[in-house]
Amino acid sequence: MLNSKVLVLFLGVLIALSVISALEIIEAMPTTSVQGQMSQGTIMTCYNQFNGTYFPYKVMVTYYPGNYSAGMGFPSEWTVTNYNQDHNAVVQTTCQALKQGVSWELPLNNYVGGVAIPLTTPISQLPWASQLGAKGALVMQTQMAGEPLGVALADNLLFATEDSMMGSISAINPVTGQIVWTATGLAGQAMNNPIIYNGLVIVSVGGVCFTFSQFVHYETHHYNEIMRARNGAVYAFNATDGRLVWMRFTKGEAMPAPAIYHGILAYTTGGGCFVGLNATTGQMLWKDVFPGYMGNMASVNYYVTHNGTPLFIAGFTYTVAPYGFLIAVNGYNGHLAWNATMPSPYVGANTGLGDVPPAVDQQAGLVIDNDIANFNSTANTVDTVTFALNATTGKPVWATNLGKGILPPAFKGGMPLIHGNFVYVGAPSLGIVAKLYVNNGSIVWETRLPDLKIPPTLPGGPRGSPTYYHGLLWVAGGSRVYVLNPNTGAVMSMYYIGGRMGIVNPVIAGGTMYLSNSYGWVVAVPLSQIFPGWYSY
C-alpha cells in the first residue's frame with residue numbers, strides 16, 4: 001500500500017504542476033518527441049513535453065496515411081457540439097458511397113488501450129455489473145470506458161473520442177471505417193464532441209471524480225472552494241495527420257466540449273473557469289473565474305447579438321440550491337453578459353444546468369435547455385422541464401413541464417434540437433421524445449419510445465438530441481435508433497444497434513448514419529437499413 005505521506009506529496013506535486021501549467025500556453029513544436037516509421041507507412045510520434053513542461057502521460061500519435069481518402073465534400077468546420085447552434089447534426093457530402101449508405105463497425109476502444117465489448121453482450125457481463133447492478137454498470141461504462149457523446153464530421157474525416165483512461169481522439173475514414181490517426185495518453189478522459197476549425201481538431205479532457213478535500217469543503221459549507229477533478233487539458237491536433245499543434249492544462253476538468261466563433265474558442269472547467277483562446281494558436285484572450293461553479297457536460301454554445309457581438313453560453317453545476325446556472329459572456333472580452341437559473345416556479349435539482357448543452361435559436365433569439373427540477377426525496381422523483389431564455393438578456397421566456405418520473409442517473413436531461421418553429425427533446429426519466437413550439441413552449445406531442453427501459457430499472461433516455469433529416473426525426477436511445485414522424489410523433493421504425501448509446505445524437509451524411517457507443521464502438525449504418533422508406537420523405 002502506498003504510504004500516505006508519499007501519496008499526499010505526489011498529489012501536491014500534481015496539483016502544483018496543474019496550477020502552473022494553467023497559467024501558460026504550451027504550443028508549437030514539441031521540445032522532446034520520438035518519431036518512428038512502422039510497417040506499411042505507419043508513422044508514430046511520442047510527445048513527452050512541450051516547451052519544458054512535462055506531460056503526465058506519453059501522448060502517442062499513430063498515423064496511417066494510407067487510410068486517408070479525400071473527396072468527402074464535408075464542411076471544413078464543426079464548431080459546436082452536435083455540429084451547429086441548433087444541434088441538428090446533418091452534414092452535406094459529395095461522396096457517392098456515403099450518399100448510397102456505407103456499413104461498418106469499428107471496435108475503437110481496442111485501438112486506444114481499452115476494451116471494445118461486443119455490442120450483443122448482456123448487461124450482466126459488463127464491468128462493475130456484479131457490484132453496481134444493471135443501471136450502475138451501464139452508467140459506469142459510459143463515464144469511464146466508452147463514448148458518452150457523438151462523433152463529428154469535417155475535413156473529410158470522422159472524429160471520435162474515447163473515455164478509457166487515458167483519453168484519446170481518433171480520426172476515421174468515413175467510408176471504410178479505417179483509422180487514419182489516433183492520439184492516446186491525453187491528460188484525462190475524453191468525454192465530448194470533438195470541435196474542428198481551420199485544419200485543427202480540438203478536444204478538451206477531464207474526469208468526473210472529486211478529491212476528498214472537495215467533500216471537506218462541502219461539509220464545512222465552503223462551496224466556493226469546491227473544484228471538480230484536476231486532470232484537465234485542451235489539445236489541438238492537425239486534423240489530417242494528428243500532429244500536436246498546441247495544448248494547455250486547465251484548472252479542474254474540462255469535460256464539456258468547447259465552441260468556436262470566428263476564431264475564438266471558449267471552454268469551461270470544473271474549477272469555475274470560462275476561458276477564451278485564439279483557436280489557431282491557443283493563446284489566451286480572456287479568462288473568467290466563478291468560484292464553486294463546475295463545468296459538467298453542458299458544452300458551450302454561442303449567440304450573436306444584433307450588433308454582431310458573440311455571446312458564449314454554457315451551463316455550470318453548483319453543489320447547493322439552485323444547483324446550476326447558465327452563464328453568457330462576451331466573446332470578445334469575456335465580460336459577464338448574464339447568468340440565469342431555471343425559470344420560476346421550477347427549482348433545479350442535482351447536477352442542475354451543468355449537465356445539458358443548451359441549444360440556440362439564432363433567428364428567434366432564444367436559448368433553450370432541458371433539465372430536472374422539483375426533486376422529491378421521499379419518492380425519488382423529479383420533473384423534466386424544457387425552458388427558453390432571451391439570448392441577449394437571459395430573462396425567462398417560457399418553461400414547460402414534460403412530466404414526473406424517477407430520478408435518472410448521471411446525465412439527467414435531454415439535449416434539445418431546434419428545427420423550424422419547433423423544439424424536439426427527450427426526457428430520460430420518462431423515456432419520451434417531445435415536440436414543443438419554439439415561441440411559447442406548448443407541447444405538440446409526446447411519444448414513449450418502445451423497449452426503452454427507464455429508471456429505476458435502467459438509466460432511461462434519450463439523452464442526445466434528435467436529428468431532423470428528410471422529413472423524419474432520427475433518435476438514438478438505449479440500444480436502438482428510432483425513426484419518428486415529426487408531425488404526429490408516431491414511431492415508424494426501430495433498429496437495434498446494441499450496447500448503449502448515452503448522450504449520443506445520430507450524425508447523418510447523405511444516406512449514412514454514424515453513431516458512437518458506450519461499449520467502445522463507432523458504427524456506420526445505411527439509413528435504408530434503419531428505415532427502408534426514408535428516401536421517399
Side-chain angles (χ1 to χ4, degrees), residues 2-36 43-63 112-114 161-170 181-192 194 200-211 213 227-238 241-255 258 265 267 269-271 273 275 277-284 287 295:
L2 187 63
N3 183 280
S4 60
K5 292 183 179 180
V6 175
L7 177 60
V8 170
L9 178 61
F10 178 67
L11 290 174
V13 171
L14 285 181
I15 292 168
L17 286 175
S18 297
V19 171
I20 293 170
S21 300
L23 300 178
E24 63 180 4
I25 189 69
I26 305 166
E27 60 177 358
M29 296 184 65
T31 53
T32 60
S33 69
V34 179
Q35 190 172 74
I43 301 170
M44 296 187 68
T45 306
C46 177
Y47 298 87
N48 297 317
Q49 59 166 303
F50 264 7
N51 291 353
T53 299
Y54 280 93
F55 293 167
Y57 316 110
K58 293 178 181 179
V59 175
M60 183 67 70
V61 177
T62 307
Y63 176 37
V112 297
T161 60
E162 290 287 345
D163 283 6
S164 294
M165 288 293 286
M166 295 79 60
S168 68
I169 170 76
S170 300
W181 61 263
T182 188
T184 59
L186 306 186
Q189 293 157 294
M191 301 182 69
N192 56 44
L200 300 176
V201 56
I202 298 169
V203 59
S204 56
V205 303
V208 299
C209 300
F210 292 89
T211 61
S213 60
M227 180 192 306
R228 186 169 190 172
R230 297 184 184 273
N231 56 330
V234 182
Y235 296 83
F237 297 92
N238 181 288
D241 60 20
R243 175 175 52 88
L244 184 56
V245 177
W246 61 258
M247 70 85 63
R248 65 182 303 117
F249 291 105
T250 62
K251 181 181 179 182
E253 45 77 11
M255 287 194 298
L265 178 139
Y267 68 89
T269 80
C273 298
V275 182
L277 306 178
N278 180 309
T280 302
T281 67
Q283 294 292 334
M284 182 184 289
K287 179 180 178 180

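Small disclaimer: the values here were computed from a predicted structure and weren't measured. Residue indices begin at 1 and follow the sequence shown.
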message: Among residues at least two apart in sequence or on other chains, which ones pass side-chain contact (heavy atoms from CB on, under 4.5 Å) with Thr269?
response: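 Partners of Thr269 under the side-chain contact (heavy atoms from CB on, under 4.5 Å) test: Thr250, Tyr267, Cys273.
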message: Holding to side-chain contact (heavy atoms from CB on, under 4.5 Å), I want the full list of residues that pass it with Ala236, two or more places apart in sequence or in another chain.
response: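 Scan of Ala236 (side-chain contact (heavy atoms from CB on, under 4.5 Å), adjacent residues dropped) gives Leu200, Ile202, Trp246.
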side-chain hydrogen bond (donor to acceptor under 3.5 Å, both in side chains) with [X]: which residues, sequence neighbours excluded?
X: Ser168; value: none
X: Asn192; value: Ser204
X: Thr182; value: Ser170

Closest non-hydrogen atom pair, [X] against [Y]:
X: Gly185; Y: Val59; result: O-CG2, 3.6 Å
X: Phe55; Y: Tyr47; result: CD1-O, 3.5 Å
X: Glu253; Y: Gly206; result: CB-CA, 3.6 Å
X: Met60; Y: Cys46; result: CE-CB, 3.7 Å

task: Run the numbers on Met166 and Thr184 for side chain to side chain contact (heavy atoms under 4.5 Å, CB included), then give the verdict.
output: CA-CA 7 Å; Met166 295 79 60; Thr184 59; over 6 Å; no
message: Using a 3.5 Å distance criterion without hydrogens, assess whether the side chain of Tyr235 forms a donor-acceptor pair with backbone atoms of Val245.
response: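 Between the backbone of Val245 and the side chain of Tyr235 there is no qualifying donor-acceptor contact (under 3.5 Å).
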Report yes if the side chains of [X] and [Y] come closer than 4.5 Å at any heavy-atom pair, otherwise no.
X: Met284; Y: Arg248; result: yes
X: Ile169; Y: Trp181; result: yes
X: Val61; Y: Phe237; result: yes

- request: Could you go through the side chain to side chain contact (heavy atoms under 4.5 Å, CB included) check for Arg243 and Tyr63 one step at a time?
  value: CA-CA 9 Å; Arg243 175 175 52 88; Tyr63 176 37; over 6 Å; no
- prompt: Passes side chain to side chain contact (heavy atoms under 4.5 Å, CB included), Asn48 versus Lys58? Steps please.
  reply: CA-CA 5 Å; Asn48 297 317; Lys58 293 178 181 179; 3.4 Å; yes
